[in-house]
Amino acid sequence: MDERTAERLLYVDATLTEMGQLAARGRAAYDTDIAVTRACQYNVIRLAADLERLGDTWISAHDDVPWRLIKGMRNRIAHNYWTIDDEIVWTVVAEHAPELHRALVEEIEHARAVLEMKPE
């Protein structure tokens, strides 16, 4: 893994970690606090951008990542925000993001190791 990919994987890790923190606030917070709602939506957009920056080669090598669904949700939130389904956004943040994070944990740890070995 090159340093650029490693750095970008750590961006994915940071986004997924933040999504986990938002999910920990609970569905009631999502439903009643517009800041939590918008933060969840923003993180879906951010996740799509983070994954896209990993490039087509990485994406195609990880067919377990539901890239088309993530990109589609990003487009809906960014461009058709009046049609956002809060059930779907919450499910992505509370269920799918943690699943993706668990699936990528070994690769993220490898990315950390690559960057730790980087000469200063």
Side-chain angles (χ1 to χ4, degrees):
M1 173 183 307
D2 63 42
E3 290 176 7
R4 188 174 187 176
T5 301
E7 288 173 353
R8 289 174 176 178
L9 270 170
L10 293 187
Y11 297 150
V12 171
D13 178 50
T15 300
L16 290 168
T17 297
E18 190 170 309
M19 291 172 94
Q21 293 167 346
L22 289 163
R25 293 180 179 220
R27 178 62 193 258
Y30 179 89
D31 289 336
T32 60
D33 186 340
I34 193 67
V36 173
T37 305
R38 294 297 181 257
C40 288
Q41 293 168 356
Y42 167 75
N43 273 285
V44 172
I45 293 170
R46 191 170 123 187
L47 178 61
D50 292 343
L51 290 169
E52 187 172 33
R53 285 185 186 100
L54 287 167
D56 292 335
T57 303
W58 189 92
I59 290 169
S60 64
H62 293 80
D63 56 2
D64 54 328
V65 176
W67 171 242
R68 287 187 57 218
L69 294 174
I70 294 167
K71 191 172 182 177
M73 167 130 332
R74 175 245 176 252
N75 289 340
R76 169 146 312 168
I77 292 169
H79 302 294
N80 299 319
Y81 41 85
W82 59 91
T83 65
I84 294 171
D85 184 328
D86 288 319
E87 261 325 296
I88 295 172
V89 174
W90 180 252
T91 299
V92 167
V93 171
E95 295 176 26
H96 298 298
E99 290 170 5
L100 178 58
H101 209 181
R102 284 189 295 274
L104 296 177
V105 72
E106 288 181 26
E107 196 162 355
I108 289 167
E109 290 305 315
H110 180 66
R112 279 196 182 90
V114 165
L115 294 174
E116 286 173 3
M117 295 185 325
K118 177 181 170 182
E120 302 272 336

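Values below: every heavy atom of this structure, side chains too, minus hydrogens, waters and symmetry copies. The structure displayed is predicted, hence computed values, not measured ones.
- The line from CZ of R4 to CG of L115 is 13.5 Å long, rounded to the nearest 0.5 Å.
- A salt bridge does not link E7 with R53: every distance from a Lys NZ or Arg NE/NH1/NH2 to an Asp or Glu carboxylate oxygen is 4.0 Å or more.
- Atom NE2 of H96 sits about 13.0 Å away from atom CG of L16, to the nearest 0.5 Å.
- Between the CD atom in E106 and the CD atom in E109 there is a gap of 9.5 Å [rounded to 0.5 Å].
- Remark: R25 CZ is loosely packed, at most 12 non-hydrogen atoms of other residues, nucleotides or ligands lying under 6.0 Å away.
- Between D13 and R112, at least one side-chain N (NZ, or NE/NH1/NH2) sits under 4.0 Å from a carboxylate O, which counts as a salt bridge.
- Side-chain contact between N80 and T83 is present, with at least one heavy-atom pair separated by less than 4.5 Å.
- Looking at I88 and W90, their side chains never come closer than 4.5 Å, going by heavy atoms from C-beta outward.
- Atoms CG and OH, on D50 and Y11 in that order, are 9.0 Å from each other to the nearest 0.5 Å.
- Shown here are the side-chain hydrogen bond (donor to acceptor under 3.5 Å, both in side chains) partners of D2, two or more places apart in sequence or in another chain: T5.
- Note: E18 CD to Y42 OH = 7.5 Å, rounded to the nearest 0.5 Å.
- In this structure, L100 and L47 have side chains that are in contact, with non-hydrogen atoms separated by less than 4.5 Å.
- Residues L9 and M1 are in side-chain contact: their nearest non-hydrogen atoms beyond the backbone lie under 4.5 Å apart.
- Side-chain contact between V12 and L104: present, with at least one pair of heavy atoms (C-beta onward) separated by less than 4.5 Å.
- Side-chain contact of T15 with N43: a donor-acceptor pair under 3.5 Å is absent, judged by distance alone.
- H79 has its side chain within reach of R74: a pair of non-hydrogen atoms, C-beta onward, lies under 4.5 Å apart.
- For the atom pair CE (M19) and OG1 (T17), the distance works out to 11.0 Å, reported to the nearest 0.5 Å.
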Salt bridge (Lys or Arg N to Asp or Glu O under 4.0 Å) between R8 and E3, worked out | CA-CA 9 Å; R8 289 174 176 178; E3 290 176 7; over 6 Å; no

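- Summarising the geometry of A29 relative to V36, their closest heavy-atom pair is O-CB, 3.8 Å, with the distance given to 0.1 Å.
- Side-chain contact check for E52 and W58: no donor-acceptor pair (N or O, by modelled atom type) lies under 3.5 Å.
- For the pair V65 and I59, the minimum side-chain heavy-atom distance is 4.5 Å or more.
- Considering all non-hydrogen atoms of both residues, V93 and P98 come closest at O-CD, 3.4 Å.
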